[in-house]
Amino acid sequence: RVAMRFAGLFPEKLAGLVITIKANCGDEGKLFGSIGTRDIAEAITATGTDVGKSEVRLPTGVIRNTGEFDIDLHLHAEVTQTIKLSVTPL
């Protein structure tokens with residue numbers, strides 16, 4: 001129960017959060033490399049909310065193109081929060 005109450009604080013902080021990650025890409029928006037769970041967790045942590053890479057869910061695998069994506073954060077067994085990720089060219 002304590003963990004559930006603690007996890008319940010995070011969705012309020014993360015609601016409506018939009019994270020922007022800038023990455024090297026080609027003319028058609030294809031990234032040179034990819035953006036994975038570690039990159040996303042570090043970007044969220046930089047906003048002041050500590051999120052581990054194991055809490056970031058990418059069901060379709062790593063991100064390889066620019067654009068906007070809905071990312072699920074699995075904070076607790078019963079707590080999942082969705083945030084927006086914007087991947088833009090450098």
Side-chain angles (χ1 to χ4, degrees):
R1 288 184 175 218
V2 173
M4 185 64 178
R5 275 192 225 144
F6 181 69
L9 298 175
F10 285 108
E12 294 170 6
K13 285 183 170 182
L14 297 171
L17 183 65
V18 178
I19 298 293
T20 301
I21 296 178
K22 295 187 178 200
N24 287 324
C25 66
D27 293 335
E28 296 178 8
K30 185 170 170 99
L31 300 181
F32 298 134
S34 61
I35 294 175
T37 57
R38 183 184 314 170
D39 304 306
I40 297 167
E42 287 174 358
I44 295 169
T45 300
T47 67
T49 303
D50 191 28
V51 173
K53 70 177 188 171
S54 63
E55 296 170 322
V56 178
R57 301 287 188 237
L58 295 175
T60 59
V62 296
I63 296 170
R64 298 185 190 275
N65 296 306
T66 58
E68 291 193 2
F69 305 89
D70 289 327
I71 304 296
D72 287 333
L73 302 176
H74 189 73
L75 304 172
H76 186 269
E78 299 173 11
V79 180
T80 301
Q81 178 67 41
T82 301
I83 64 164
K84 293 270 187 201
L85 171 67
S86 176
V87 180
T88 59
L90 275 176

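For the pair L17 and T49, the minimum side-chain heavy-atom distance is 4.5 Å or more. I63 is listed as a side-chain neighbour of L85, based on a closest heavy-atom distance under 4.5 Å. Between N65 and V87, every side-chain heavy-atom pair lies at or beyond the 4.5 Å cut-off.
Annotation: the span from F69 atom CZ to I35 atom CD1 amounts to 8.0 Å, rounded to 0.5 Å. In this structure, CD on E55 lies 7.5 Å from CG on D50, to the nearest 0.5 angstrom.
Between T37 and K53, the shortest heavy-atom distance links the atoms CB-O, 3.6 Å. What you find for R57 and I71 is that their closest heavy atoms are O-CG2, 4.1 Å. In this structure, T66 and C25 approach most closely via the heavy-atom pair CG2-SG, 3.9 Å.
Identified under the salt bridge (charged side-chain N to carboxylate O under 4.0 Å, His left out) test for residues 25-44, with sequence neighbours left out: none.
T82 meets the side-chain hydrogen bond (donor to acceptor under 3.5 Å, both in side chains) test with D72; sequence neighbours excluded. Considering only residues two or more places apart in sequence or on other chains, K84 meets the side-chain hydrogen bond (donor to acceptor under 3.5 Å, both in side chains) condition with D70.
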